[in-house]
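Values below: all heavy atoms of this structure, side chains included; hydrogens, waters and symmetry mates excluded. A note on names: the letters A, B, ... follow the listed sequences, proteins ahead of strands, and every chain is numbered from 1.
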Amino acid sequence: MKTVNSDTRNRSPRRRADQQPLTVNRRRFLKAAAQAAAFLAVPMVVPGAVVGRDGGVAPSERIVLGGVGIGNRGSYVLGCFLQQPDVRFAAIADVKEARRQAVKKRADAQYGNQDCAMYRDLREMLARQDIDAVLIATGPNWHAAASVLAANAGKDVYCEKPCTKNIAQSFALAETFRRTARVFQAGTQRRSLPNFVFAIELARQGKLGKLQSVHAHPAGLGTSMSGWLPAEPEPDKESVDWDLYLGPAAWRPFNRRLLDGFNFEKGGGLVGGGCLEWGSHCVDLCQWAADADATAPVEYEPKDGRLYARYASGVRLVVRDDGWLPLGSCPVRFEGSTGWVETGDNGDIMASSESLLVGKGAKIGGYPADFHVRDFLDCVKSRGQPRANAEVACWSHVTCHAANIALFLNRKVNYDPAKNEFIGDDEANRLRSEALREPWRI
Amino acid sequence: MTPSIRTYAWSLLLTGVFMAAGSLTQARAAATPEAPADRERKLIAVLESDAGPAEKAITCKKLAVYGSAAAVPVLAPLLTHTDLSSWARIALEAIPGAAADEALRDAMGKVQGRLLVGVINSVGHRRDAKAVPALAKHLKDADSQVAEAAAAALGSIGGAEPAGILEQALATAPASVKGEVAGACVRCAERFLAEGKKAEAIRLYDLTRQASVPRQRVLEATRGAILARGAAGLPLLVEQLKSQDKATFGIGLRTARELAGPEVTQAVAAEMDRAPVDRQTLLVMVLADRGDATVLPTIRKAAQTGPKPMRLAAITALERMGVAAGVPVLLGITAEEDRELTQAAKAALVRLPGREVNAELMARLPDASGKSRRALIEVLGQRRVADALPAVLACMNDADAGIRSAALTTVGILGEEKQAVDLVALLEKAQTPRDREDIEKALLAITSRAGAKCLDALLPLVKNSNSELRMVGLHTLASVGGAQALAAVQGALQDKDEAVQDEAVRTLATWPGNWPEDTAVAEPLLALAKSGKKTSHQVLGLRGYLEYVQADKKLKDEDKVNRVRDLLPQITRPEEKRLAIAALGTAPTAASIEMVLAFANDNAVAEEACLALCTLAASDNLKGATKELRQNALQTAATKAKTGRTKRRAQEALNRLQ
């Protein structure tokens, strides 16, 4: 990783021409941010030799991986897994034939054989005793149900976000992985990226003074719905298994417009949507910064196009689309009594004071999942808990769902995290869960 | 968000609008709140009407929030409806009260197959104890999916009666159902434990782990059996840790992190001593996660001696435990030869939290020597221990080149403008090229942070008698930027030493401009482009100027085009043509397109030109271009582009235009 201070003459400053100074002198911060050596803020990973990924991995010690529903995002994450020397990708389960074939082609090309098995029904793949772990990258409709199925089948799970459709699923996910002692990693890879980790450490270590508010970008605060569209001729099961695609979602006739798994039934199809989309990343980071990985805010109020929440600690969570510095997608901001810090997907960090940025590691732009995938694989071996484990994912999703319920009801709601109850609020309480279509259950 | 998002969402549903997946509902108009009873009455009326299934389905979903016992009679019949049963259950699972329970219980006698599975799942979700006898019957259903659902529902309900039924089924159920029965037993045991009924919980866990059930069930029952016993579960835990079976050992590793008590820590440590290396490394990580300081001596010892994987794991463990007591061992390892070990130890020292660690590190600096001294200096820098600066400054003159180098790096990290003065002074006395290089790096680190505050220290450098130092001056001034620095670097264009002149040109051509702050560099760059002393000066000036034109957002599009046009006679090589195309690509005007069209005829830059044409011709902000010009541009791109991707992009834009 090249750092700027190694040779100022070789910089390409003009690439930053679109990033204008806002409330602080951006130039100064960019320069300061690039000073430090790389490894300080890079997430701690277990040395390779410790968990057998240093090239000397016996075949019997490899992690045999299966995939469930590998589309666009899944394809990227699968690439991160395939790069790991101690992973052997063995099977794909997908309701869409074209995707099954594409994944098989990729895996077979990687290994130079024809061994990647294909399954239409994930249950058949999960029944294989040789598979240790699964990458679940279906649409959010299936995330929790498939994760629970996998855990019950004795598999460790890396699951894309959002991981659950409602509050009840969030708790079911945490309880299942606790009971089965399987390893779960939510695909919230920003938990393993240096700029976010650095900003969070500033907040957690008191370097911003007493933490007062944490801010998350939700990618829209609307509520999205997946409806019942006019029936179209259903394709044959091998091509697209509509019944399995619907899975736990209530029945409706086939319509190809509903085949966009990325949005289908996100957040239960009624109160999901924006806050879950990026909230499962940004709210999750705010939870960490606010030392709230095992709880959720106690009140939520939609106001002036934003969602304001408050933790029992007094820290406010502000979920907003507006007012962000130009730091790329999925930004977060943490404000304390003496300073603030903000960062996003371009890898830059801005802060109220130059001195806060001393110690920042090398910039990693974009949002690579390599660190996060590695963290998961190491924990598969050590049986430790990865960064975005089921408990952590549970509470960050509970917060997003509670926020969405407040947005949907368009009024303030009060939540008791200890009891998992909206206080004196029957409407909100009923939105905590939703029946799964037969035969699925969690 | 306006006040009516919910009302608007409902209104969409009530009017029977079919919504596409992911369609976003936005609040648009305020509406008068409806009385709850009226709202429910209207929803019930929909279910009683001839409305289509789509509308009835969404109505069920609304009744999940707003329905009461009054809605149950219209929801219950839908439980037998193949398409709407799942929607009806959404409402019935959520509506509080006995009426919904009764409806679901009744339905268990009316439906079969998958619909029955769904109804049983809802009964389980509601934890309806009155349904236990019916569930016991369904546990023996010939349809294994129904029997499994019944087992799961009994597990959810929990309590003595369901547990008894499940316990019996654990012995008698067919193999296809046993896994679910065992899972339900574990959930019943969990509930017993939560209710303080430890003996019942342990009994059920033990029965399950000893039954002939799927492996995963055995593992989770074993975990439960250990945790439920508390300290008395230690022998069972150790049994797992001794197992040769990987999955059994794995459940031991996880449970060893969960079971509290110092005796557990000691048992894991003892097991670590006996285990083979590959297991030792995993066990030491368990100890780290337990965070019990009593095992520090064991971990410190493991970090110092033994096989490398074990030592690496122990170093990681010391880091995870995060105590200053790990510092001496880690520091000792930094002096070893093995690079992986020393790097791991340094990383651990950098990450160990706490001010007491800083104090420990600083206290050790005066007496440290050799590799340890060097590592200490590096770590103090990485940890940003500002208080260590005076001690580190003294190390800049150390006899050991490695220590000097580390000290300079750390001064670069910790230093401020005052240290820039010190470094400039040191630069004059530098003995070796390596020292000079390190000093320059440290200086650059400080100057790029401290900015103009360092100018007084830097400006004399460009007048130094030593030409190499004058060049360092150019680099550091460039990292500061601004008018004074720019003037000084411009002055160096007339330096007596040709090498310094060349460096001044290079510095200007890559001036770390922060457009539009540093646009003043445009003038000397243009002068160089037009009348530089050497061809290389002209080329570098031209390149720098074209980059400036591309990046300066304050320049109007027309001005950008004119500036590129003025230099066209000099833009003859592919490298500069590419920069010109890039600059024109940021100015969406008809004139830009015309100039880029000309570049598209040059085979060497045709692809870049075609890409720019795609961007320009498809731009919404394109000024003064006729449709014909756009079409011409896109047609040219579709024809002359080298790559299929650009051709497709051009063709798609062309199609949209037509």
*Looking only at side chains, do B:Arg257 and A:Gln385 share a donor and an acceptor under 3.5 Å apart?*
no
*Evaluate the side-chain proximity of A:Asp426 to B:Pro96: yes if any heavy-atom separation is below 4.5 Å, no if none is.*
yes
*Measure distances from B:Glu220 to the heavy atoms of chain A and classify the residue's part below 4.5 Å as side chain, backbone, both or neither.*
both
*Counting N and O atoms only, with roles assigned by atom type, does the side chain of B:Arg217 sit under 3.5 Å from a partner on the main chain of A:Asn152, one being a donor and the other an acceptor?*
yes
*With only heavy atoms counted, which part of A:Leu307 is less than 4.5 Å from chain B, the side chain, the backbone, both or neither?*
neither
*asked:* Can you tell me which portion of B:Arg223 sits under 4.5 Å from chain A's heavy atoms? Options are side chain, backbone, both or neither.
replied: side chain
_Contact origin within A:Asn429 toward chain B - heavy atom pairs under 4.5 Å_ = neither
*With sequence neighbours excluded, what pairs up with B:Ser86 under the side chain to side chain donor-acceptor pair (under 3.5 Å) test?*
none
*Looking at A:Ser433, A:Gly384, A:Ala428, A:Ala168, which makes the most heavy-atom pairs under 4.5 Å with chain B?*
A:Gly384
_Please classify the contact of B:Ala64 with chain A as side chain, backbone, both or neither, using a heavy-atom distance under 4.5 Å._
backbone
*Under 4.5 Å between any side-chain heavy atoms of B:Gln216 and A:Arg182, yes or no?*
yes
*What part of B:Glu180 lies closer than 4.5 angstrom to a heavy atom of chain A: side chain, backbone, both or neither?*
side chain
*Just wondering, do A:Arg430 and B:Tyr66 contact through their side chains at under 4.5 Å, heavy atoms?*
no
*Can you tell which part of A:Arg432 gets under 4.5 Å to a heavy atom of chain B, answering side chain, backbone, both or neither?*
neither
